[in-house]
**Student:** 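Would you mind keeping the following structure in view while I ask a few things?
Predicted, not measured: the structure shown is a model, and the values here were computed from it.
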Amino acid sequence: MDRQQIIQSVSVQMPERRWIHTQGVMSSAIELAERYGESPERAELAAIIHDVAKYWPVADQATYIKQYSLDERVLHYNKELWHAEVGASVAKEQYGVHDIEICDAIRYHTSGRANMTLLEKIVWLADYIEPNRDFPGVNEARELAKVSLERAILFGLDQTIIFLIERGKVVYPVTLEARNNIVQQLNMK
C-alpha cells in the first residue's frame, strides 16, 4: 500500500477528532525528525498508523493480540495500551510495513520502553505534544522538545506516571523502565 492508501484506510477507522489528532502527530513527528536527524518519511508513516486500532472494540483488540501471538502482558494492564500492540501488527500484516523500527515506534508510542530508538522517541513525543493536545504541562513539554528529546520525554513520562499514581491506577512496568532508562541516558551526558 502506498502512503495515500494507508491514510485512507486509517482515517476511516476513527472519528474525525482522532484523525485530527493523528494529523497533529504526523506534523510533530516530521518536525522532530528533521530537528533530531531521523527520516521524516519513516516518522510520518509511524505517526499515520499509530492509532489505527484505537477505536476497535477492546474485545477485538484482545482477540487480535491472542490470535497473532502478540505480547499478552499488556492484557493485564490499562486497555489504553492494547491498541499500540495491535497497531504495530496491523502495520505489518495489513499495510506491508516491514521496517521493524517503524512497527516498534507504533508498538511503544503509548508506553515507551527502555532503550527506545530515535524513531520510537520521536513518535512517543509527537503523540504527547502534538498541537491539538491541551492539558497542564503540554506547553512545557513542547518547549523542552525544542532543546532536548530526552528531557521532553522524561517530563512526559513523569507527568504520565504521576497522573496514574494520583488516580490509584497501576503503572505499566515497561513505562517505569522507559523512565528510568531516560534518566540514565541523561545522567551519562
Side-chain angles (χ1 to χ4, degrees), residues 1-14 18-75 77-130 149-150 153 156-157 172-175 177-178 181-182 185:
M1 258 188 209
D2 66 25
R3 176 184 176 277
Q4 203 54 45
Q5 290 170 317
I6 294 172
I7 286 174
Q8 175 62 28
S9 174
V10 170
S11 65
V12 298
Q13 296 186 56
M14 57 185 63
R18 182 50 79 171
W19 180 244
I20 291 169
H21 158 76
T22 297
Q23 291 174 310
V25 177
M26 290 160 60
S27 65
S28 293
I30 290 169
E31 184 180 322
L32 290 168
E34 290 172 344
R35 180 176 298 137
Y36 290 105
E38 178 55 78
S39 159
E41 292 80 16
R42 293 172 76 217
E44 182 191 44
L45 182 56
I48 291 168
I49 303 171
H50 83 285
D51 271 348
V52 67
K54 178 89 175 175
Y55 288 90
W56 290 20
V58 289
D60 291 355
Q61 292 179 40
T63 299
Y64 189 99
I65 288 169
K66 292 175 184 171
Q67 182 179 358
Y68 282 86
S69 302
L70 305 180
D71 187 349
E72 291 190 29
R73 288 179 302 172
V74 297
L75 297 176
Y77 295 94
N78 191 325
K79 293 176 177 61
E80 290 296 316
L81 297 167
W82 301 4
H83 76 280
E85 189 69 25
V86 174
S89 180
V90 168
K92 180 180 175 189
E93 301 298 332
Q94 294 183 20
Y95 301 138
V97 176
H98 296 288
D99 183 326
I100 299 287
E101 286 194 23
I102 292 175
C103 293
D104 282 344
I106 296 166
R107 176 171 291 114
Y108 298 107
H109 83 268
T110 302
S111 64
R113 70 167 170 167
N115 300 311
M116 286 192 281
T117 65
L118 178 59
L119 184 61
E120 289 172 37
K121 290 176 181 176
I122 285 168
V123 174
W124 189 95
L125 187 57
D127 186 47
Y128 191 76
I129 66 169
E130 65 92 3
L149 200 56
E150 288 77 18
I153 291 170
L157 287 169
Y172 188 42
V174 174
T175 300
E177 292 168 7
N181 183 253
I182 290 289
Q185 289 179 29

**Student:** Hey, could you give me the CH2/NZ distance between Trp82 and Lys54, rounded to the nearest 0.5 Å?
**Tutor:** 13.0 Å

**Student:** Tell me whether Asp104 contacts the main-chain N or O of Arg107 through its side chain, where contact means a donor paired with an acceptor under 3.5 Å.
**Tutor:** no

**Student:** Using modelled atom types and a 3.5 Å cut-off, is there a donor and acceptor pairing between side-chain atoms of Gln61 and backbone atoms of His83?
**Tutor:** yes

**Student:** Is any side-chain heavy atom of Tyr128 closer than 4.5 Å to one of Ile153?
**Tutor:** no

**Student:** Which pair of heavy atoms, one from Thr22 and one from His50, lies closest together, and at what distance?
**Tutor:** OG1-CE1, 4.0 Å

**Student:** Compare all side-chain heavy atoms of Val90 with those of Trp56 and state whether any distance is below 4.5 angstrom.
**Tutor:** yes

**Student:** Calculate, to the nearest 0.5 Å, the distance between atoms OH and CD belonging to Tyr68 and Glu85 respectively.
**Tutor:** 13.5 Å

**Student:** Please give me the minimum heavy-atom distance between Ala53 and Gly87, naming the atom from each residue.
**Tutor:** CB-N, 4.2 Å

**Student:** Side-chain contact, heavy-atom cut-off 4.5 Å: Asp127 with His21?
**Tutor:** yes

**Student:** Below 4.5 Å, heavy atoms only, C-beta onward: do Lys121 and Gln185 meet side chain to side chain?
**Tutor:** yes

**Student:** Quick check against the 3.5 Å criterion: does Trp19 have a side-chain atom that pairs as donor or acceptor with the backbone of Met14?
**Tutor:** no

**Student:** Nearest heavy-atom pair of Ile106 and Ala46: which atoms, and what distance?
**Tutor:** CG1-O, 3.7 Å

**Student:** Taking atom OG of Ser28 and atom CG of Leu125, what is their separation to the nearest 0.5 Å?
**Tutor:** 8.0 Å

**Student:** When rounded to the nearest 0.5 angstrom, what is the spacing between CD1 in Ile182 and CH2 in Trp124?
**Tutor:** 9.0 Å

**Student:** Considering all heavy atoms of both residues, which atom of Val86 and which atom of Tyr64 are nearest to each other, and what is their separation?
**Tutor:** CG1-CD2, 3.7 Å

**Student:** Compile the donor-acceptor pairs under 3.5 Å between side chains in residues 91-100 and protein atoms, sequence neighbours left out, one pair per line.
**Tutor:**
| unit_1 | atom_1 | unit_2 | atom_2 | d |
| --- | --- | --- | --- | --- |
| Tyr95 | OH | Ser9 | OG | 2.7 |
| Tyr95 | OH | Gln13 | NE2 | 3.2 |
| Asp99 | OD1 | Arg42 | NH2 | 3.1 |
| Asp99 | OD1 | Glu101 | N | 2.9 |
| Asp99 | OD1 | Ile102 | N | 3.3 |
| Asp99 | OD2 | Arg42 | NE | 2.9 |
| Asp99 | OD2 | Arg42 | NH2 | 3.1 |

**Student:** Taking all non-hydrogen atoms of both residues, which atom of Glu130 and which atom of Val25 are closest, and how far apart?
**Tutor:** CB-N, 3.6 Å

**Student:** Should the heavy atoms of other residues, nucleotides or ligands under 6.0 Å from CZ of Arg35 be counted, would the total exceed 12?
**Tutor:** yes

**Student:** Does the side chain of Ile49 reach to within under 4.5 Å of the side chain of Leu45, using non-hydrogen atoms?
**Tutor:** yes

**Student:** Calculate, to the nearest 0.5 Å, the distance between atoms CD1 and CD1 belonging to Ile7 and Ile48 respectively.
**Tutor:** 4.0 Å

**Student:** Looking at side-chain heavy atoms only, is the closest gap between Leu149 and Leu118 below 4.5 Å?
**Tutor:** yes

**Student:** Would you say the side chain of Asn78 lies within less than 4.5 Å of the side chain of Tyr172, judging by non-hydrogen atoms?
**Tutor:** no

**Student:** Below 4.5 Å, heavy atoms only, C-beta onward: do Asn181 and Met116 meet side chain to side chain?
**Tutor:** no

**Student:** Just verifying a value: how many Å separate Glu120 CD and Asn115 CG, rounded to the nearest 0.5 Å?
**Tutor:** 9.5 Å

**Student:** Please give me the minimum heavy-atom distance between Asp71 and Ile65, naming the atom from each residue.
**Tutor:** O-CG2, 4.0 Å

